[in-house]
Amino acid sequence: MAVSLDMGSVASVVDDARRGFVEQFGGEPTGVWAAPGRVNVIGEHTDYNDGFVLPMAIDRACYAAAAPRADRILRVHAAQLGETVELSLDALVGPGSAADTRDAADPDMTPLTEPAVTGWAGYPVGVAWILQQAGFPVRGADVYLTSTVPVGSGLSSSAALECATALALAGVSEFELTTAELARHTQRAENIYAGVPCGPLDQMSSAFGQDGSVLFIDTRSGEVKPQPFDLAAENALLLVIDTRVSHAHGENGYADRRSACERSAEFLGVRALRDISLADLPESFAKVSVGLGETFARRVRHVVTEDARVEQFVEILHQEPVSLPRLGHRMMQSHASLRDDYEVSAPELDLAVATAVAAGAHGARMTGGGFGGSAIALVDRDLLPDVQDAVLAAFAEHGYTEPQFFPAVASAGAHRIA
Ligand code: ADP
Ligand code: MG
């Protein structure tokens, strides 16, 4: 699926969304809502282990221009695909209906076996469905979606789409969603309706994002602590290197890692791997090695050390002056752990990371679920051309798809923009 990577200014994307709405549906939208993608700076594969993450919302977003309708029809148009889905809100499955096949004991983690729509439309329709399920008075609406978040690059285009849709539906239906409700319900929509077993990281990042901050999130308590992240003051930036590859085994890989974590936690008698401390790790590693095998033990080691690295990264952010080399070192450790212990990297990501650092980046790592997608590099501004050139040359030499680069700027979370 080709998604335009032309950023344009925010004002022009908002104009595009309005104009697109008018062309598609006729009439004017009553508002435009925007929800950003994210990069996770550190803390990967910890969010479904009740652990710590440190994402930031980025200056690329999904925009939803919308207007209410007098009837119960929901129409959603996806500009990048040129496709429209239309259905009655009353036709969405409800509690107790034959089509709601979820396990009553664990309704949040059982995907629907027969959602009314699948594919891309499952994301926005799932949002309408979950909001209705939660008791919000969703009105019929026309929603025009256009996004500057590259799709499937590990920058969370799906959460951006969901959060923009949820805010637009709340706006045209005239009900309030708190930021926490926005994050929670959009995650549930993705888990249940789209059938993707993601943790809370993506939707929380899009909902809670703040200009100039990374978000230190405890995914167990749901507490979000924004941390100042002013790389410009350090003459540095966070460079996204989108490898534009997505390896086919990624989907199974994610589910497999997730279940390995759950089995290990159960075996160790803890609620989640978050409950294993760094001090407990040697003993837990040995136990899991014997009981479940060495591969499981390495999965545990990644999660436990990654949680610790997030806390260390935040500590370094609070030191004056902030040491970019020390931050970079934690990123390198995170990447090595994801590559060697968790085994979710990809040759393209390893090459991007190694090349960026050899060209002078303070550190780099894969970001997002892995198996392709994007890497991020912490780079001094004056070295940016060198790093980009080196990565381009290395990819060309290996015969890989040409990567794409853009700086990630810590940005505001989902909000009404017009
Ligand atoms: P990501 O890391 O980008 O979130 P996912 O696989 O989780 O990757 O989600 C990508 C999916 O989300 C796409 O395949 C598509 O179904 C949907 N999606 C994201 N952005 C758009 C968009 N602009 N228009 C239509 N669908 C989109
Ligand atoms: Mg996603």
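Residue indices begin at 1 and follow the sequence shown. Atoms within a ligand are numbered from 1 in the order they appear, just like the ligands themselves.
Under 4.0 Å from ligand 1, not a single heavy atom of T146 appears.
For ligand 1, the polar-atom distance check against G152 finds a nitrogen or oxygen pair separated by under 3.5 Å.
Within the protein, the N, O or S atoms lying under 2.8 Å from the Mg ion (ligand 2) are S158 OG.
Tested against E343, the residues R257, R299, H302 include a single side-chain hydrogen bond (donor to acceptor under 3.5 Å, both in side chains) partner, R299. The side-chain contact (heavy atoms from CB on, under 4.5 Å) with R365 is formed by just one residue from the set L378, L338, V357; it is L338.
The closest approach between a heavy atom of L145 and any atom of ligand 1 is not below 4.0 Å. Not a single heavy atom of G368 lies less than 4.0 angstrom from ligand 1.
Among T118, T148, L161, the residue whose heavy atom sits closest to atom 22 (C) of ligand 1 is L161. Comparing V149, L155, V151 by heavy-atom distance to atom 20 (N) of ligand 1, the nearest is V151. Between atom 11 (C) of ligand 1 and the options Y63, W120, Y123, the minimum heavy-atom separation is to Y123. Of the candidates S246, G154, A194, the one placing a heavy atom closest to atom 2 (O) of ligand 1 is G154.
Atoms of ligand 1 lying under 4.0 Å from at least one heavy atom of S147, given by number and element, are 23 (N). For ligand 1 and S158, the ligand atoms under 4.0 Å from any heavy atom of the residue are 4 (O), 7 (O), 9 (O), 12 (O). Near Q80, with a cut-off below 4.0 Å to any heavy atom, the atoms of ligand 1 are 23 (N).
No hydrogens or angles considered: a donor-acceptor pair under 3.5 Å links the side chains of S153 and D242. A donor and an acceptor atom, one from each side chain of D350 and S345, are located under 3.5 Å apart. Counted by atom type alone, T305 and R309 present one or more donor-acceptor pairs between their side chains at under 3.5 Å. Using modelled atom types, one finds no donor on one side chain facing an acceptor on the other under 3.5 Å when comparing E306 with S337. Looking at Q227 and S213, their side chains never bring a donor and an acceptor atom within 3.5 Å of each other. Using modelled atom types, one finds no donor on one side chain facing an acceptor on the other under 3.5 Å when comparing R38 with T367.
Panel note: side chain H362, backbone H329; no donor-acceptor pair is recorded below 3.5 Å. At least one donor-acceptor pair closer than 3.5 Å links the side chain of S88 to the backbone N or O of D90.
No cation-pi contact links R75 to F25, judged by a cut-off of 6.0 Å to the six-membered ring centre and 45° from its axis.
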